[in-house]
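Have a look at the structure below, then the notes.
Below, chains carry the letters A, B, ... as their sequence lines are ordered, and counting in each starts from 1.
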Amino acid sequence: MQLNERQQRAVDQIACPVLVLAGAGSGKTSVITEKIIHLIKNCHYAPDNIAAVTFTNKAAKEMQQRLRSLLGPDLGDKIRTSTFHTLGMAILRKDIGRVNRSHHFSIFDEQDSLQVLNDLTERQIKGDKGLLYELKNRISFCKSEGIKPKQLRSSASNQQQQFDAHIYQAYQDHMELCNALDFDDLISLPVELLNEHQDIRSHWQNQIRYLLVDEYQDTNQAQYQMVKLLAGPDPKITVVGDDDQSIYAWRGAKPENLQQLQEDFPTLEVVKLEQNYRCCQRVLKVANHLIANNPHIFEKQLWSQHQQGEQIRIIENDDEEHEADFVVADLVSQRISGRLKYSDFAILYRGNHQAKLFEKALIKHGIPYQISGGMSFFARAEIRDLMAYFRLIANPDDDAACIRVINVPRRSIGAKTLQVLAQAGRDNKQSLFKSCKNSHNIANLGARAQTAINDFTQLIEQARASTQFDVDKFLIELGYDHWLMETSSSPKVAEGRWNNVQELCRWIKDGLAQSDSPDLAEVVNQLLIRDLQQQEEDSDSVQLLTLHAAKGLEYSQVYMVGMEEDLLPHRSSIEEDNIEEERRLCYVGITRAKHGLVMTLAKKRRRFGEVSATEPSRFLEELPQEEIDWPDQAGPISEEEQQDKNQFYRDQLAALLKG
DNA sequence: ACGCGCCGAATTTTT
DNA sequence: TTCGGCGCGT
């Protein structure tokens, strides 16, 4: 791999902490992998003393594969490439006892956490998704900052903080009772352990002698603390980030952490990577011009040796349906004239709901597409159901799991019975499942309910008792296939769901077979913080994704759709005066394009069923007008012309698809 | 306990 | 427009 001068500098400098400011497409992954190779080959680092931390499993996996192919499996696989959460779990595993949990703990995902908060709150907040989410964010923030419920209570300066402290405490108590951790805990608890225990700290500092961190602009406070604690007194670290691609601040990411590095590590050397290897000149110029409207801590100017490229097109359509028709028609013609594959095209949008129309248009013309984002594998009802069963079998105190599955498939255990059980649980400070086991001691339970509960507990206990958990046998006992048929709208849908179930079971079986001591809890937790991606990647299909999901990816031809005020920038960001992050989002979208970039908008659009006029995104005016082709369509066009245009797209498509 | 129907709300989401 | 949550009726 031939590195440029700056990249080489970032690789070679190991005497002091290094911050690599890596612009879009500047080859940061190469820097990380080459640096690891340099550390091993030239600096005598043992591979298992090097850790590369990323945010996504996908990125971690990619890096692992790259190292494997560069160093060979025997060296490459020894390097710890993980996400913050995986690393957190590794740190917790040994010392889980010190954080009031036991070995078979469960991980609660966001929905589980929200459900817990919902159960802990009263009317007004109860049931209000938005408010619950805000509450959860505030608790997350506390965890990130290392603030405990008691500290929050004593420092509370207003009523909301007092309220938060109360809920926070109840939430933590409940999590402890359930022997559960949330995603935040997987970072904040390791930080606490590293911070407070000299033995743990030195163990990990000794274990990880060189630390590399990717996407640093996305770290939150807790993750930064983790980096600092692992780096230790003689920091051997390289972090890579780009403040212009910080698009997760709304989720607690602190791009200021980039700046903070300079203060915390006075010897820090900053290396800027400004040569872009991805985009053609025009795309880059447009991107630079746009992002220049944002304030910068570190100035940088991306440049490219690639060819000029074509002008960036901006296409105004009459409404969102025309927009979709246009994009599909244009895409098809570009594919043929440019001899491109479907997978060279991406359609990027701000919100998932925008995908629908494009999906419809693509289906209409039989064009293969793949939609990423939206419903993740783990968000699917059938997967959540089964994961809940597995969690409950591994950890009977997992109330969230218990609530989810106690009446799925139907066992006639309804709200009333559940309420009685929950009350018994609170009275005795025990989990729901324990209450179920002791149901004969609970008054107010009818005979029918008793029987139903007994059947349920027996099912779970039986699975628990077996020395080797047999997934297939369990599914049959459960009758989950029948349940899917009953509850799905069509046999087709049921089949799809059943396939998902099969997929999950394969992973569970694999996990159980792989580990030397089969442990269901371990396998389930690993799965939850990994991510099953179904193997559909090789098919040649148009990619539909949100701007957020597009970060880190690149496509030959990019369509950025819905370039309108209230969509991009999104309305709520306008209201909260948070335009800069939206501008970065736009910047991320533009810099995904290698050659062609088309931005589209609709002059009117249905919002909540109402048709209303739209306004072009302010970002369009921030682009260098000489580089863009923006046909000025004067005034609204008539119904007739609209029909003509529609017909035109149809004809064009029909001709192209035939040829 | 369950199912239907009405009403109200609708960014982004690495783990 | 579509989806999900809640409440009422069976």
Practice problem: Would you check if A:Phe84 stacks with the base of B:dT15, given a 5.5 Å centroid limit and a 30° plane limit, both strict? | Solution: no
Quiz item: Under a 4.5 Å cut-off applied to non-hydrogen side-chain atoms, are A:Tyr216 and A:Val20 in contact?
Solution: no
Exercise. Just call it for A:Ala59: base, sugar-phosphate, or nothing, with non-hydrogen atoms closer than 4.0 Å on any strand.
Key: nothing
Quiz item: Who pairs with A:Glu145 by salt bridge (charged side-chain N to carboxylate O under 4.0 Å, His left out), at least two apart in sequence or on another chain?
Solution: A:Lys254
Quiz prompt | Closest approach of A:Val588 to A:Thr591 (non-hydrogen atoms, all atoms of both residues) | solution = O-OG1, 3.1 Å
Quiz item: If you measure from CG on A:Leu181 to CD on A:Glu176, what distance do you get to the nearest 0.5 Å?
Solution: 10.0 Å
Self-check item: Spacing of A:Leu553 atom CG relative to B:dT14 atom P, expressed in whole Å
Solution: 12 Å
Quiz item: Across the strands shown, which category fits A:Thr417 at heavy-atom distances under 4.0 angstrom: base, sugar-phosphate, nothing?
Solution: sugar-phosphate
Practice problem: State, with a plain yes or no, whether a side-chain heavy atom of A:Cys586 is found less than 4.5 Å away from one of A:Met560. | Solution: yes
Practice problem: Can you figure out which of B:dT13, B:dT15, B:dA1 approaches the side chain of A:His548 most closely? | Solution: B:dT13
Quiz item: When we call it a touch if two heavy atoms are under 4.0 Å apart, what does A:Tyr133 touch: a base, just sugar-phosphate, or nothing?
Solution: base
Exercise. Can you tell me the distance, in whole Å, between the CE atom of A:Met226 and the P atom of B:dT14?
Key: 19 Å
Practice problem: Tell me, please, which residues at least two apart from A:Asn444 pass side chain to side chain donor-acceptor pair (under 3.5 Å). | Solution: none
Quiz item: Just one of A:Ser573, A:Ser617, A:Ser572 clears the side-chain hydrogen bond (donor to acceptor under 3.5 Å, both in side chains) bar with A:Glu582, so which one?
Solution: A:Ser573
Practice problem: Salt-bridge test for A:Asp385 and A:Arg404: reply yes if a basic N is under 4.0 Å from a carboxylate O, no otherwise. | Solution: yes
Self-check item: A:Arg93 atom CZ, over 12 foreign heavy atoms within 6.0 Å
Solution: yes
Quiz item: Any side-chain heavy-atom pair from A:Leu421 and A:Ile453 closer than 4.5 angstrom?
Solution: yes
Exercise. Return no unless some side-chain N or O of A:Asn57 is found under 4.0 Å from OP1 or OP2 of B:dT15.
Key: yes
Quiz item: Quick one, which residues of residues 443-451 of chain A touch DNA chain B with a heavy atom under 4.0 Å?
Solution: none
Quiz prompt | Separation of atom CH2 in A:Trp250 from atom C1' in B:dT11, rounded to whole Å | solution = 8 Å
Quiz item: So does A:Lys28 pair up with A:Glu215, basic N to acidic O under 4.0 Å?
Solution: yes
Quiz item: Is the A:His570 to A:Trp250 ring centre distance short of 6.0 Å?
Solution: no
Practice problem: Report the distance from atom OH of A:Tyr248 to atom P of B:dT14, rounded to the nearest whole Å. | Solution: 6 Å
Quiz item: Heavy-atom contacts under 4.0 Å between residues 569-581 of chain A and DNA chain B, which residues?
Solution: A:His570, A:Ser572
Self-check item: Closest-nucleotide ordering on DNA chain B, the 5'-leading residue of A:Thr86 and A:His353
Solution: A:His353
Self-check item: Phosphate contact (B:dT15 OP1 or OP2) by A:Asn220 side-chain N/O below 4.0 Å
Solution: no
Exercise. Find out whether A:Phe456 and A:Asn407 are in side-chain contact, i.e. whether some heavy atom of one side chain is under 4.5 Å from a heavy atom of the other.
Key: no
Self-check item: First of A:Leu585 and A:Ala415 reached from the 5' end of DNA chain B, by closest nucleotide
Solution: A:Ala415
Quiz item: Between atom CZ in A:Arg607 and atom P in B:dT11, what is the gap in whole Å?
Solution: 8 Å
Quiz item: Between A:Asp112 and A:Arg384, is the closest basic N to carboxylate O distance under 4.0 Å?
Solution: yes
Self-check item: Selection from C:dC3, B:dT15, B:dT13 that lies nearest to any side-chain heavy atom of A:Lys356
Solution: C:dC3
Protein and nucleotides 8-10 of chain C: nitrogen or oxygen contacts under 3.5 angstrom:
none

Exercise. Give one of base, sugar-phosphate or nothing for A:Lys416, where a contact means two heavy atoms less than 4.0 Å apart.
Key: sugar-phosphate
Quiz prompt | Rounded distance (Å) that lies between atom P of B:dT14 and atom CD of A:Glu62 | solution = 15 Å
Practice problem: Starting from P on B:dT13, measure out to NE2 on A:His85 and report it in whole angstrom. | Solution: 17 Å
Self-check item: Member of A:Lys551, A:Arg251, A:Gln223, A:Gln245 meeting the side-chain hydrogen bond (donor to acceptor under 3.5 Å, both in side chains) criterion with A:Asp218
Solution: A:Lys551
Under 3.5 Å, N/O pairs linking protein and nucleotides 2-5 of chain B:
| unit_1 | atom_1 | unit_2 | atom_2 | d |
| --- | --- | --- | --- | --- |
| B:dC2 | OP2 | A:Asn407 | ND2 | 3.2 |
| B:dG3 | OP2 | A:Arg410 | NH1 | 3.4 |

Quiz item: Under 4.0 Å between a side-chain N or O of A:Thr546 and OP1 or OP2 of B:dT13?
Solution: yes
Quiz item: Side-chain N or O of A:Thr56 less than 4.0 angstrom from OP1 or OP2 on B:dT15?
Solution: no
Exercise. Nearest whole angstrom, please: distance from the C1' of B:dT14 to the CG of A:Leu186.
Key: 14 Å
Quiz item: When only distance counts, do a donor and an acceptor, one from the side chain of A:Arg606 and one from the base of C:dT1, lie under 3.5 Å apart?
Solution: no
Exercise. Taking the side chain as every heavy atom from C-beta outward, state whether A:Ser188 and A:Ser144 have any atom pair closer than 4.5 Å.
Key: no
